[in-house]
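Written out below as structure tokens is the structure these notes cover.
A, B, ... follow the sequence lines: proteins, then strands. Residue 1 opens every chain.
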Protein chains: 2
Amino acid sequence: MGRKRVTIEDVARAAGVSRQTVSRAINDLGEISSQTRARVLRIAEEMGYRPSSIARGLATRRTGTLGLVIPDVANPFFSDVVRGAEHVAHAQGYNVFLCNTDEDPERELAVLHSLEEKRVDGVVLCSSRLDDGKLHAVVASHSAVVLVNRDLEPASGEAAVGVVMLDDVSGGRMATQHLLDGGHRAVGFLSGPPASRSGRCRAEGYRAALAASGVSHNPAWTAPCPADVDGGHRAATELLTAHPELTALVCYNDLVAVGALRACADLGRRVPADLAVVGFDDILLAALVTPPLTTCRVARYDLGAQAMQLLLNRIAGCPAEEGPTQWERRSEEGDGHRSLCAEVVLRPELIVRATAP
Amino acid sequence: MGRKRVTIEDVARAAGVSRQTVSRAINDLGEISSQTRARVLRIAEEMGYRPSSIARGLATRRTGTLGLVIPDVANPFFSDVVRGAEHVAHAQGYNVFLCNTDEDPERELAVLHSLEEKRVDGVVLCSSRLDDGKLHAVVASHSAVVLVNRDLEPASGEAAVGVVMLDDVSGGRMATQHLLDGGHRAVGFLSGPPASRSGRCRAEGYRAALAASGVSHNPAWTAPCPADVDGGHRAATELLTAHPELTALVCYNDLVAVGALRACADLGRRVPADLAVVGFDDILLAALVTPPLTTCRVARYDLGAQAMQLLLNRIAGCPAEEGPTQWERRSEEGDGHRSLCAEVVLRPELIVRATAP
DNA sequence: CTGTTAGCGCTTTCAT
DNA sequence: ATGAAAGCGCTAACAG
């Protein structure tokens, strides 16, 4: 394996032309007779020539690769985001570096630096845990950045960063309202990791819904937890034991909700008769557990796809050193230029199943 | 964002040294006084210097990136493989390009070519759907390749390729035997995609178990299906309708098994009373559906981790043009050199839950 | 220990 | 329509 690589020089020599001509042929730039081009391409093909995108990257300052930074591929939420993002990127001829941060800000910074060294043409950064200062530095050092599920005030002189957000406040309100509509008054909330913006926004929506219905809000009914089945299981067990008065639970995500279901089974509380449960995300699992989970669905694939599309728009539309002006203007024009606006907001949708009918 | 990048030249000038000295400092190669190194590093840091790994790649012919090719990230099986592989790669300073093939051989070939152009240092290729000829070509054109769940006879003059396999024949036998032990004689098999090696091997194990127990094998009891819940649902519905005599079902994977569970619910057949079901993989979902799934667990994270470790060993251990000799010898020496052997086999483990007690 | 000279394989710019 | 020269940012191989 791996004998000496064929270079453009080799092909040029074999075809009896200059390297430039070969370059023109493989890049399909017009200035070449279709005869020579066909001949060169055939010879290149025969020799198994594979142009080095790394040499090409050095010369053009474009690598044709993008970074996609997420907390964890194994989280079904993000694996769908990845699919959406990759699909869009590949469709336009880009490759993507997938980077996990494991929710660790140090690791996040490390992968971002690594992407910078790789000279990626742009980055989609999901659920960043970086503080505003560090995040500004990151944005400044990459040629294009789109943030998913994380806001950032543009610093002065900085092009507005692309942003794709979930309307989590609405989501939290929606989920809670559904329970209130069902007659529940003692509604708890498992809020997920304290560092999660989604968690905080959903909590805000939860409180807003309670307030709007004139239901008093008991802070002791809210508890943080790790964002997985085990975390939900433990937190729900504790919360339900400490506050047996609760008749309903809004959960940070479906994994946590499934953990809560397990806790109910352990504690002998029937769902939904004794306790109603609402999750978030609508992962595959949600429809398949017993009883099937009522949940707030988020269009995860679209989230990734839109973020990537936004990034590609910015890469294509901001050819050189153009300032943020055009972007800000566009995004204020309304919906006509959806593909060019700098902020996208996705609204969740309540899927009513058996855990909170 | 993205003003002019700082180059090694800029740093050299600012520090009043040559580029080479800067290079020595950042690469921590001995031949430099610790004073100058410290000073250079400080200046580089201050200037926000980020060495271009693409220029470096051109010069060194090593990119520090690896390819990981899988059918689909959103498949929970592969997302765990990805985690294992990435963890090992990152621990040794490599980045990985993740590529989905969507089980499409054309796309698989395309991503492999793209990785070749990117000059990755090696590739882990999972569940390749390529025929032997094309696969040999792929192996020949990459500097190091590890195959997961796909075998390949080494061609003459070719270094043996690294291989990590699941013992799927054992798995199929194990699952079937468990059902036979439970008294079942009419055992069906949903064999997954015809192109899947795992599917074929599990089928082989299934038939072997039947034969070993002297149970006659009815080919009509085996049916292929797409490897997801829906595929399982449809195939199980058809199979159980056409052959109501079946009392047990071995399923290609857990997703298919969950589909079969759904089909049973539709058809009014209780599980496990009327139909016993065994799945494969033990994904998260398996323990959480009702009733919890009996399944053959595969150490997915380990699968990815071992494959990547094997790849890194081959990259490190095969410095130049050394032939396959050393490898073949090592792998025959036994288990002492596990980290250097060229083939790893992982055995699945039966997890008995409620669908086939 | 430090600097100099050549590339790595491609594209760009300018001739022809 | 084609070719020649220069350079992208870094390291390898020598000198000193």
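Contacts of residues 35-44 of chain B with DNA chain C (heavy atom under 4.0 Å): B:T36.
The side chain of A:S18 places no N or O atom within less than 4.0 Å of a non-bridging phosphate oxygen (OP1 or OP2) of D:dT2. Taking only side-chain nitrogens and oxygens, A:S33 comes nearer than 4.0 Å to OP1 or OP2 of D:dT2.
Distance CG/B:L66 to CD/B:E86: 10.5 Å, rounded to 0.5 Å.
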Nucleotide-resolved protein contact map, nucleotides 8-16 of chain D, B/S/- at heavy-atom distance under 4.0 Å: BBBBBBB--
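For A:E117 and B:R50, the salt-bridge test fails: no basic side-chain N is under 4.0 Å from an acidic carboxylate O.
A 6.0 Å sphere centred on NE2 of A:H87 holds no more than 12 heavy atoms belonging to other residues, nucleotides or ligands. B:E46 CD: more than 12 foreign heavy atoms inside a 6.0 Å radius.
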From CA spacing to verdict: side-chain hydrogen bond (donor to acceptor under 3.5 Å, both in side chains), B:N95, A:S114: CA-CA 8 Å; B:N95 280 112; A:S114 161; 2.9 Å; yes
Residue pair B:R5, B:D10: steps toward the salt bridge (charged side-chain N to carboxylate O under 4.0 Å, His left out) verdict: CA-CA 9 Å; B:R5 284 223 159 267; B:D10 302 329; over 6 Å; no
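Side-chain contact between A:L125 and A:V146: absent, with no pair of heavy atoms (C-beta onward) separated by less than 4.5 Å.
In this pair, B:F97 and A:F97 present their aromatic rings parallel. The plane angle is below 30°, not in the 30 to 60° band.
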